[in-house]
Q: 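If you scroll down you'll find the structure; I have some questions about it.
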Amino acid sequence: MADIEKRKIKHIELASLPESQMGGDAFARYRLPYRALPEISLGNVDTRTELLGKTLSQPLIIASMTGGSEHARLINTRLARAAEKHQVALGVGSQRIALENPEAEATFKLVRELAPTAVIFANMGAVQLNYGRAAEDYQRVVDMIRADALYLHVNALQEAIQTEGDTDFSGLLKKIEDLVRKISVPVFVKEVGHGLDAATAQKLLECGVAGLDVAGTGGTSWAWIEARRAENEDFAKWFKDIGAPTDMALADIAALGYDASLVASGGIRTPIQALKARLLGADYYSAASPFLQAALESDEKVDELIENWQKGLAIGLFSMGVSTWQEAKPLKLIEE
C-alpha cells in the first residue's frame, strides 16, 4: 500500500474520533428571529436553491472528505447515492492520489457513475501548483469525475504540521489566477477547517474565483489530526483551534460585497446553524463530520440525516415567517 493511501486511511480513522472536533458552537451567541404568527403554511415552505445551473433540494454541499482507498470507496458510494437521491451537492476528497496512482481513480469515478445528475466538486490542493502540477493536472481531476466545479483547497496550517507536508505557499495567487482562466469549470477556493480570513478572500475574489468556502474553526481540526499522526501531543494542543471562527469569517467576507458564492462550513452540525449562517451571508452550507459518521454506518443513516436536515431547515424557515431560503437573507440575527 502506498504511503499516501495509508495517510488517507489514517485521516478517516482520526477524523471519525470525537477528539478531532474543535467543539463549541460558533453560532451559539445568535438566535433566529422568531414569528409567533408566521402567516404562512409550512407546506408551502420551499428549501430549494440553484447551484451551478442545477436545482438542489436544500443548499447543502456534503463536504469533501476522502477517496483513493478501498475504505474510501464505501464512504463515497454511500454519499454519492444519497447526493443523487436527494439532489444535494457533493465534494470528493483530494484527487492528487489518483494522479499518482491510477488504480485510485475508480474510488473517485464511481461518484459520478452513482450520481449522474448531482452537483459534484472535484478537489485538489492549491499548493500543488508549487510542486510540479499544472493547469492540465487540475483539468484532469475535473474530467475524471465530470465535475461541475473544482474545489481548490488551501491548508497551510495542516501542511505545516503534516510530516510529509508541502509548505511552499509562495506566489500562489498569480498561479490561481492563471488556473481560473485556463480550467473549464468554475473554481471555488476552500480552507479545510481553520478558516478563510477576509484579506485572503478579497485577493482570491480579485483572481476571479467563483466561490469561497470559509471552512472556519468549529468543526474538524486537521491540525489536530496531523499532530496526532505525528505523535506530537504539544502540537495537537497548541494548534487545534487556530484560525478564523466560522461566523466571523462569513460576516467579514460577505461584507466585501463581491458577486460570488459563499459557502458556510466549519462546525455546521444542524440545519439551524446553517440557517444562522445564511443570515450572516452564506449562500450554501457544508458539513463533513455528520455525514462521515452516517456513511460509516449505512445508506439508510445517510438518507435519514439528509431528510432530517431538509425538514429541520423548512421548520426553521417557517418559524421565522419566511417561505424560502432566498427570503431569509435580508433578515437579522439576534445577537446575545
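The structure displayed is predicted, hence computed values, not measured ones. Throughout, residue positions are numbered sequentially from 1 according to the sequence presented.
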Q: Without swapping roles, check the side chain of T246 against the backbone of G266 for a donor-acceptor pair under 3.5 Å.
A: yes
Q: Residues in ring pair (Phe, Tyr, Trp, His ring centres under 6.0 Å) with Y138, at least two apart?
A: none
Q: In a check of salt bridge (charged side-chain N to carboxylate O under 4.0 Å, His left out) between D178 and each of K182, R181, K175, which one passes?
A: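 For D178, the salt bridge (charged side-chain N to carboxylate O under 4.0 Å, His left out) test succeeds with only one of K182, R181, K175, which is R181.
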Q: To which residues is F121 joined in a hydrophobic cluster, defined by side-chain heavy-atom contacts under 4.5 Å among Ile, Leu, Val, Met, Phe, Trp and Tyr, whether direct or through other members?
A: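 Traced through the cluster, F121 reaches L51, L52, L56, I61, V119, Y151, F188, V263, Y284.
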Q: May I ask you to decide if D283's main-chain N or O and W325's side chain share a donor-acceptor pair within less than 3.5 Å?
A: yes
Q: Report whether L157 and V127 are members of the same hydrophobic cluster (ILVMFWY, side-chain heavy atoms less than 4.5 Å apart, transitive linking).
A: no
Q: Give a yes or no answer on whether the side chain of S261 reaches the backbone of G211 with a donor-acceptor pair at less than 3.5 Å.
A: no
Q: Using a 3.5 Å distance criterion without hydrogens, assess whether the side chain of T107 forms a donor-acceptor pair with backbone atoms of A104.
A: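 Yes.
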Q: Set out, in order, the CA-CA distance, both residues' side-chain angles and the distance that settles salt bridge (Lys or Arg N to Asp or Glu O under 4.0 Å) for R229 and E226, then state yes or no.
A: CA-CA 5 Å; R229 281 188 61 239; E226 297 297 357; 2.7 Å; yes
Q: Give the minimum heavy-atom separation between N130 and F169, together with the two atoms involved.
A: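 Heavy atoms of N130 and F169 come nearest at ND2-C, 3.9 Å.
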Q: For F235, is there any backbone N or O sitting under 3.5 Å from a side-chain donor or acceptor partner on N232?
A: yes
Q: Any idea which heavy atoms bring P245 and T217 closest together, and the distance?
A: CA-OG1, 3.2 Å
Q: Has the side chain of R78 got a donor or acceptor atom that lies under 3.5 Å from a matching backbone atom of A295?
A: yes
Q: For F27, enumerate each residue passing the ring pair (Phe, Tyr, Trp, His ring centres under 6.0 Å) test, keeping only those at least two apart in sequence or located in another chain.
A: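 Ring pair (Phe, Tyr, Trp, His ring centres under 6.0 Å) check on F27 returns nothing, list empty.
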